[in-house]
Structure formats: C-alpha cells, structure tokens
Amino acid sequence: MSVVSLLNVSVLNNPAPFTAPYEFEITFECVEQLKSDLEWKLTYVGSATSSEHDQELDSLLVGPIPVGVNKFVFEAGPPNLTRIPNNEILGVTVILLTCSYDGREFVRVGYYVNNEYTDEALINEPPAKPVIDKVRRNILAEKPRVTRFAIKWDSEESAPAEFPPDQPDADLANDDEDAYGAGEDDEEVEEEGVKAEGEDAEMEGADDTAGPKDDASDAGSEDLEAESSGSDDEEDEEEIEGEANGDDDMEMDEAGGSKQLPAHNPDVMVN
C-alpha cells in the first residue's frame with residue numbers, strides 16, 4: 001500500500017498565455033509519518049521526437065508531512081523557448097507532474113497541452129518564427145493520465161516484492177525425484193501409462209465442441225511518453241474520468257476543478 005496517495009490535482013489558470021506560469025492545486029493524503037520530504041517536479045516535453053528538448057520547469061520540496069489530508073499550490077514558470085525547436089512550439093505537447101520520495105518516483109500525472117494562436121490572421125498564415133505573445137496554451141485538464149509506481153518508503157516491509165524472485169542456486173539443487181514418486185514399482189508405472197493412453201484415445205474420439213476463437217485483442221493503454229513505461233517498479237496506469245475505486249486510486253472531477261475535501265486540512269510547510 002502506498003503511504004502517500006494523490007487525491008486531486010486542479011489546474012488553476014487554464015487556458016492561459018504561453019508565457020504565463022503553470023499553477024496546480026495539489027491534494028494528497030499521507031497515512032504514516034514520513035522521515036523525508038516529498039519532491040514535486042513539473043517537466044515540459046519540448047519535442048515529440050527527442051527527449052533532449054525536455055526541460056524541468058520547477059521542483060519543490062514539501063515537508064514535513066503531517067498524517068492526514070494535505071493541500072498546497074505548486075507554481076512553475078513557462079518553458080525556455082531557446083530549448084524548443086521552432087517547428088514544435090505550436091501544436092500538441094505534454095507536461096508531466098511527478099512526485100518522488102527519497103529519490104524514488106511513486107506517481108506521475110501527464111497532461112496534453114495545445115499551444116495555438118489566438119489571432120485569426122496568424123492562424124491562417126502562421127509566420128516561420130512563432131509570435132509568442134499571441135500564443136495561448138490550453139491544458140486538457142479533464143483527461144489526465146495517472147501512473148503509480150510501487151516503491152520502498154521508510155521501512156523494508158514497504159518495499160515491493162521482486163518478480164520473478166532471485167533464485168541463484170536453482171541450477172545447483174538436486175532433482176526432486178524422491179518427491180515425485182521415484183522408485184515406484186515398474187508395474188505401477190506401466191499401469192498408469194496404459195490408463196493414460198486409454199484416456200487419450202477416448203478424448204481423441206470425442207466431437208470438437210469448442211466454438212470459433214475470437215480474433216479480438218485487448219486494447220493497450222495509451223502512453224503519453226514512450227520512455228515513461230520503462231520502469232522496473234510495479235506500476236498501475238489509469239485515465240481518470242469521474243470516480244475511481246480502491247485505496248490507491250485518485251479522484252478527480254470531470255472539469256479538472258476543485259472538489260470538496262475532508263474537513264481535516266493541516267498546513268504543509270513548503271521549502
């Protein structure tokens with residue numbers, strides 16, 4: 001079970017000019033006293049073809065964390081235009097809001113962002129170099145993609161189990177002949193073999209009653225970033241739409257706005 005659960009993220013200024021800061025109201029719950037702070041980061045994906053244009057807009061340490069429901073506002077500046085190719089400033093991109101504990105990321109929220117002109121003339125005839133003062137960003141706040149990772153918290157008991165488990169001496173172990181009837185009379189083995197053959201023959205003569213196989217395949221979940229799926233930790237992805245179920249699930253309202261929270265809202269110190 002996760003010690004910290006993300007309950008809600010609200011985008012406070014949306015839509016907004018491209019050069020405006022990003023503002024998020026974040027609500028989370030902590031069920032145990034933590035020794036370290038939580039580190040929140042906001043990353044802007046500058047290019048769909050290369051991660052070298054990604055840039056961390058801001059990071060924030062939050063703590064000490066009291067047990068219960070906590071809320072704070074995370075503000076980050078706009079991206080540096082010199083690090084984004086001119087042909088990728090306009091159009092759809094992605095921002096990633098992540099939280100880590102002791103250097104281990106345990107939750108990631110991704111949003112699509114559409115950067116577009118507000119001037120009709122620029123929409124019809126966009127210049128080679130974007131006019132940033134006329135660009136507006138619109139975050140698709142009602143469709144976040146949430147990914148959770150199982151991590152170790154303060155105790156060893158909280159560490160996720162390895163899968164598959166390490167078995168370094170498996171090849172050196174003796175065969176399990178004694179446990180599986182080794183040394184039985186040859187007569188008994190032969191009798192069992194005859195019985196098995198008889199059963200097989202009977203099955204072969206039966207009519208095939210199985211229906212045609214379905215060619216339909218399960219639809220895979222959509223990744224915001226290809227590199228986001230390369231984690232060794234156990235992860236759980238979901239697209240939040242309405243209510244979510246389970247202790248580790250997050251509840252966001254459809255419009256991305258604030259929702260009514262429990263009455264207990266202790267202050268959180270932001271470093």
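Hydrogens, waters and symmetry mates play no part in the numbers below; they use all other heavy atoms, side chains included.
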Between Asn8 (side chain) and Thr27 (backbone), is there a donor-acceptor pair under 3.5 Å?
-> no
Hey, is the main chain of Val9 close enough, under 3.5 Å, to the side chain of Glu25 for a donor-acceptor pair?
-> no
Hey, does the side chain of Arg136 reach the backbone of Tyr117 with a donor-acceptor pair shorter than 3.5 angstrom?
-> no
Does any N or O in the side chain of His53 come within less than 3.5 Å of the main-chain N or O of Arg83, such that one atom is a donor and the other an acceptor?
-> yes
Taking the six-membered ring of Tyr22 (Phe, Tyr or Trp), confirm whether the NZ or CZ of Arg137 is under 6.0 Å from its centre and within 45° of its axis.
-> yes
Are any side-chain N or O atoms of Ser10 and backbone N or O atoms of Leu12, one a donor and one an acceptor, separated by less than 3.5 Å?
-> no
With distance as the sole test, does Asp154 use its side chain to make a donor-acceptor pair with the main-chain N or O of Lys35 at under 3.5 Å?
-> yes
Step by step, work out the side-chain hydrogen bond (donor to acceptor under 3.5 Å, both in side chains) result for Thr43 and Glu56.
-> CA-CA 4 Å; Thr43 302; Glu56 183 181 308; 5.5 Å; no
Say whether Ser47 and Glu88, considering side chains only, have a donor N or O and an acceptor N or O under 3.5 Å apart.
-> yes
Where the side chain of Glu23 meets the backbone of Ala76, is there a donor-acceptor pair that is under 3.5 Å apart?
-> no
Backbone of Asn138 reached by a side-chain donor or acceptor of Asn114 within 3.5 Å | no
Is the Phe24 to Trp40 ring centre distance short of 6.0 Å?
-> no
